[in-house]
Amino acid sequence: MTDDSSPWLIVGLGNPGPEYAGNRHNVGFMVADLLAERMGAKFKAHKARAQVVEGRLGAPGPTGRRVVVAKPMSFMNLSGGPTAALRDFYKVPVGRIVAVHDELDIDYGTLRLKVGGGDNGHNGLKSITKAMGPDYCRVRFGIGRPPGRMPVADFVLKDFSSTERKELDYQVDRAADAVETLILDGLERAQGTYNS
């Protein structure tokens, strides 16, 4: 049973610094930025080594959900520390934590929402799961597999291709919608709408 007074914690995964801003691995940050924009709020530094925005998503007033949108500033493979610190600071039950991340095993432009599961080699998820167990929500943003023999590490740290960039704003917008639907209407409704 979740305490309705506790906020949702939405953690966009990525790497801090301008050189990473357009990378495939930073799509979680892109979604977090858009959610902050929708709330009309600016990120502020938090002692948990993260940038955070506090506000509401959904309709104005009591039906809107209280949320904390966060971008860990620890680099991807250490995301668990800041996420667990924010969970403790805001007293968020694990069922109200949403990680937004890039996913290699899903084609570009495809979203999948789920609770729990493995990390599929994703270092950000591995770190979060190690810090607090696997039972948090995930919004998985498909980036597809690397072409040819390109190493995965190189692929995720490259910017989206020019073809992908044509659709990127739309895809990020859709992922932010999926996060809002998850928070406002529940996982099943969000899966039914966005899991393609």
Side-chain angles (χ1 to χ4, degrees), residues 1-14 27-41 43-74 76 78-103 111-120 122 124-141 172 174-195:
M1 159 119 174
T2 47
D3 169 11
D4 264 356
S5 67
S6 63
W8 283 78
L9 174 60
I10 301 156
V11 183
L13 297 185
V27 77
F29 274 17
M30 295 173 198
V31 174
D33 287 338
L34 181 57
L35 289 167
E37 202 179 294
R38 289 181 180 184
M39 294 190 307
F43 280 97
K44 293 182 174 70
H46 191 280
K47 64 182 181 184
R49 287 183 314 160
Q51 296 276 325
V52 301
V53 163
E54 296 177 52
R56 287 187 178 274
L57 284 172
T63 56
R65 294 283 193 282
R66 220 173 112 226
V67 297
V68 177
V69 178
K71 298 190 294 186
M73 292 287 120
S74 57
M76 181 68 86
L78 299 171
S79 301
T83 303
L86 290 167
R87 171 201 63 191
D88 295 346
F89 182 85
Y90 290 103
K91 299 179 174 50
V92 182
V94 74
R96 283 195 179 200
I97 297 172
V98 182
V100 184
H101 64 92
D102 57 306
E103 178 62 64
L111 292 174
R112 292 265 195 287
L113 287 80
K114 69 174 193 169
V115 172
D119 56 54
N120 204 16
H122 192 291
L125 295 181
K126 199 176 286 182
S127 178
I128 292 173
T129 297
K130 188 176 175 201
M132 54 187 216
D135 299 328
Y136 52 93
C137 304
R138 296 108 189 267
V139 174
R140 303 155 72 207
F141 187 111
V172 167
R174 216 170 141 256
D177 289 348
V179 171
E180 287 204 41
T181 304
L182 167 64
I183 287 169
L184 297 168
D185 302 324
L187 181 65
E188 270 182 42
R189 169 70 69 80
Q191 285 174 325
T193 307
Y194 295 99
N195 281 16

| Between Ile97 and Leu86, is a side chain to side chain contact (heavy atoms under 4.5 Å, CB included) present by the stated rule, with each step listed? | CA-CA 10 Å; Ile97 297 172; Leu86 290 167; over 6 Å; no
| From CA spacing to verdict: side chain to side chain contact (heavy atoms under 4.5 Å, CB included), Leu182, Val98 | CA-CA 9 Å; Leu182 167 64; Val98 182; 3.7 Å; yes
What are the two closest non-hydrogen atoms of [X] and [Y], and how far apart are they?
{"X": "Arg65", "Y": "Trp8", "value": "CD-NE1, 4.2 Å"}
{"X": "Gly80", "Y": "Ala131", "value": "O-CB, 3.6 Å"}
{"X": "Arg112", "Y": "Asn195", "value": "CA-OD1, 3.3 Å"}
{"X": "Asp135", "Y": "Val115", "value": "O-CG1, 3.9 Å"}
{"X": "Leu111", "Y": "Ala178", "value": "CD1-CB, 4.1 Å"}

| query | Can a salt bridge be assigned to the pair Glu180 and Arg38 using a cut-off of 4.0 Å between side-chain N and carboxylate O? | reply | yes
| message | Quick test of your reading of the model: are Lys71 and Asp33 salt-bridged, counting only N-O distances below 4.0 Å? | response | yes
| request: Any chance you could measure Lys114, atom NZ, to Glu103, atom CD, to the nearest 0.5 Å? | output: 7.5 Å
| said: Nearest 0.5 Å, please: how far is CG in Asp119 from CD1 in Ile128? | reply: 10.5 Å
| query | Do the two ring centres, one from Phe29 and one from His101, sit under 6.0 Å apart? | reply | no
| task | Test side chain to side chain contact (heavy atoms under 4.5 Å, CB included) on Arg174 and Tyr194 and set out the steps. | result | CA-CA 8 Å; Arg174 216 170 141 256; Tyr194 295 99; 4.1 Å; yes
| message | For Tyr136 and Thr83, which I'm curious about, is there any donor-acceptor pair between the side chains at under 3.5 Å? | response | no
